[in-house]
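So the structure is just underneath, and the comments pick up after that.
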Amino acid sequence: MAENNHTVSITKKTLFLICLVMILLGFGTFLVGLAGRHPERAWQAYLTNFLLWSAIAQGGLLFSTIMHTVKARWSGPLSNLAESFTAFFPISFVLFVLLFLGKNHIFPWLHLDLHGKEVWLNLPFLFTRDFFGLLILYGLGFAYLYHSLWLKLDRSASEGKIRKLLFQFWDRNIQDVERCKSRMTVWAILYMLAFAIILSLIGYDLVMAMDPHWYSTLFGAYTFVKAFYIGLGGLIILASILHLSPQSEFQLKSSQFHDIGKLFFAFCLVWADFFYCQLVIIWYGNLSEETAYVIERTMTVPWSSLAWFVFIICFILPFLILLNKNIKTKPQFMSILCAVIIMGIWLEHLLLIGPALNHHVSSLPLGISDGLIFLGFFALMVMAITYFLDLFPELARTGDGEVN
């Protein structure tokens, strides 16, 4: 037993060191980019990764709130894991605040004639509403987690200041199981509502507003559907890694992998539907003034090739593969597929914001530095989740996990 614990500790230490190196490498690459000839490229990579990894964390927790609300018993262990994504919320919030430093590079409308839209598109108002929006969303997520942990943590294991502090709060505020579950349901519903509203707001302000004279009424829904899509992908990867690890106590049945695989497949279709519907509305309504945005991203070099690549690996590929029932039950294959799709959505963010920040380019504004910054953000996510599961190991153990 002692030898096994020693092995685990070495693994955690190694993982920490690898993540630390990746974070320093990504952060260093970002700083070098800021000091170089094209600081706008560094801020473009920063914004793209902020949107991607924040959406994965937000969508990951949404899975738990939905499963609790509908009382889905099959999802217990997966819901526990989904709550670990809240560890990235404070990091995401700090990353958003730092976006203000790059305002001159990521908001191309700052020096344009907005024809009256400056009432909405001005920096003080934009950062204030998005700041408080994320604060509310993350606050609701932590309120939900606070009550969820009360039902799941082992009180006999109270090591650590955070756990002791939580037990002290619970002893003063929560005594009844049913009342805790009721409050948890309220916070879950509020989080789901905030998720739809605030993710829509973020999509409008940080992505759609890149072209201030183009708008889509579907863009908000497209943004939060996409966040849940990749949130499910992140959750499947995490569950697969723990399930396959010989040192982990986390195990899932094939039926559970199949169920979350079906949900992932469903939101693959929903994402593609919103992707398509935005084009259909412009065509069916004969909105010629709206076509420039679409034409630039789907028919001009170099963006057209990227658009097709994103569509193929984020929809066509998973659609054809996930029609097979058995594949959904194979964690090795599903984790690879989800990783490919998350990479595709990363490129999709570039497709949406890249043309507004890179005018008249003949090649994609994508290089090694973008990949290194991506790895830095990825390492932040890994470290946050690892710390959370180390602090609350009960969530990474197999059990019914049902708190309804």
Side-chain angles (χ1 to χ4, degrees), residues 1-19 56-57 60-61 63-65 67-68 72-88 144-164 166-167 170 177 184 231-261 263-264 328-336 338-339 379 381-404:
M1 178 65 70
E3 182 180 353
N4 184 56
N5 290 336
H6 181 63
T7 303
V8 173
S9 65
I10 291 176
T11 302
K12 289 180 179 178
K13 183 178 179 180
T14 303
L15 179 63
F16 173 80
L17 291 175
I18 292 173
C19 288
I56 291 175
L61 180 62
F63 174 84
S64 179
T65 61
M67 294 299 106
H68 169 77
R73 294 184 178 276
W74 67 269
S75 65
L78 286 165
S79 293
N80 293 347
L81 282 189
E83 291 164 15
S84 67
F85 285 94
T86 56
F88 193 75
Y144 170 81
L145 178 67
Y146 174 82
H147 290 82
S148 177
L149 290 177
W150 185 84
L151 296 162
K152 299 172 182 176
L153 293 192
D154 180 6
R155 287 182 172 269
S156 64
S158 59
E159 299 86 357
K161 293 182 179 179
I162 295 179
R163 291 179 70 104
K164 290 179 179 179
L166 281 173
F167 290 138
W170 288 334
V177 172
M184 189 175 166
L232 288 172
L235 178 57
I236 291 172
I237 293 172
L238 177 60
S240 298
I241 291 172
L242 292 177
H243 176 81
L244 296 171
S245 173
Q247 300 166 349
S248 172
E249 300 178 48
F250 183 86
Q251 291 292 310
L252 288 180
K253 301 175 182 177
S254 295
S255 61
Q256 290 172 309
F257 273 114
H258 182 244
D259 287 338
I260 193 172
L263 189 61
F264 183 67
K328 301 187 189 74
T329 65
K330 299 183 183 299
Q332 302 96 325
F333 193 90
M334 286 298 296
S335 59
I336 295 173
C338 291
M381 175 69 83
V382 172
M383 285 190 70
I385 292 176
T386 302
Y387 173 78
F388 184 93
L389 293 179
D390 191 46
L391 185 63
F392 305 118
E394 296 93 332
L395 301 185
R397 294 173 186 155
T398 302
D400 62 11
E402 181 57 44
V403 295
N404 294 311

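- The shortest side-chain heavy-atom distance between Phe63 and Ser75 falls under the 4.5 Å cut-off.
- The two residues Met334 and Gly261 have their closest heavy-atom pair at CE-CA, 4.2 Å.
- Nearest heavy atoms, Ile56 versus Gly234: CG2-CA, 4.4 Å.
- To the nearest 0.5 Å, atoms CG (Leu391) and CG (Leu149) are separated by 9.0 Å.
- Residues satisfying the side chain to side chain contact (heavy atoms under 4.5 Å, CB included) criterion with Ser335, sequence neighbours excluded, are Ile237, Ser240.
- Separation of atoms CG (Asp390) and OH (Tyr387) is listed at 8.5 Å; rounding is to 0.5 Å.
- With sequence neighbours excluded, the residues that form a side chain to side chain contact (heavy atoms under 4.5 Å, CB included) with Thr86 are Leu61, Phe89, Phe142, Leu145, Phe388.
- For the pair Leu235/Phe264, no side-chain contact is recorded, criterion being any heavy-atom separation below 4.5 Å from C-beta on.
- Looking at residues two or more places apart in sequence or on another chain, you find no ring-ring contact (aromatic ring centres under 6.0 Å, His included) involving Phe85.
- In plain terms, the two heavy atoms of Ser254 and Thr329 that are nearest each other are O-CG2, 3.6 Å.
- Rounded to the nearest 0.5 Å, atoms CG (Leu263) and NZ (Lys328) are 11.5 Å apart.
- A heavy-atom distance below 4.5 Å is not found between the side chains of Ser79 and His68.
- Annotation for Leu81 and Ala239: closest pair CD1-CA, 3.6 Å, computed over non-hydrogen atoms.
- Ring geometry for Phe257 against His243 counts as perpendicular: the plane angle is over 60°, on a 0 to 90° scale with 30° as the lower cut.
- Rounded to the nearest 0.5 Å, atoms NZ (Lys13) and CD1 (Ile18) are 12.5 Å apart.
- Closest approach of Met383 and Phe16 over heavy atoms only: CE-CE1, 3.1 Å.
- In this structure, the separation between CD1 on Ile385 and CG on Leu238 is 5.5 Å, given to the nearest 0.5 Å.
- Across Trp74 and Gln256, no two heavy atoms sit closer than the pair O-NE2, 2.9 Å.
- With a 4.5 Å cut-off on side-chain heavy atoms, Phe392 and Asn80 do not count as touching.
- The structure places CG of Leu242 at 11.0 Å from CG of Leu395, a figure rounded to the nearest 0.5 Å.
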**Request:** Go through the steps to decide whether Leu166 and Tyr146 satisfy the test side chain to side chain contact (heavy atoms under 4.5 Å, CB included), and finish with yes or no.
**Result:** CA-CA 8 Å; Leu166 281 173; Tyr146 174 82; 4.0 Å; yes

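- Contact check for Leu151 versus His147: no side-chain heavy atoms found under the 4.5 Å cut-off.
- Here the side chain of Tyr144 pairs no donor or acceptor atom with the backbone of Glu83 at under 3.5 angstrom.
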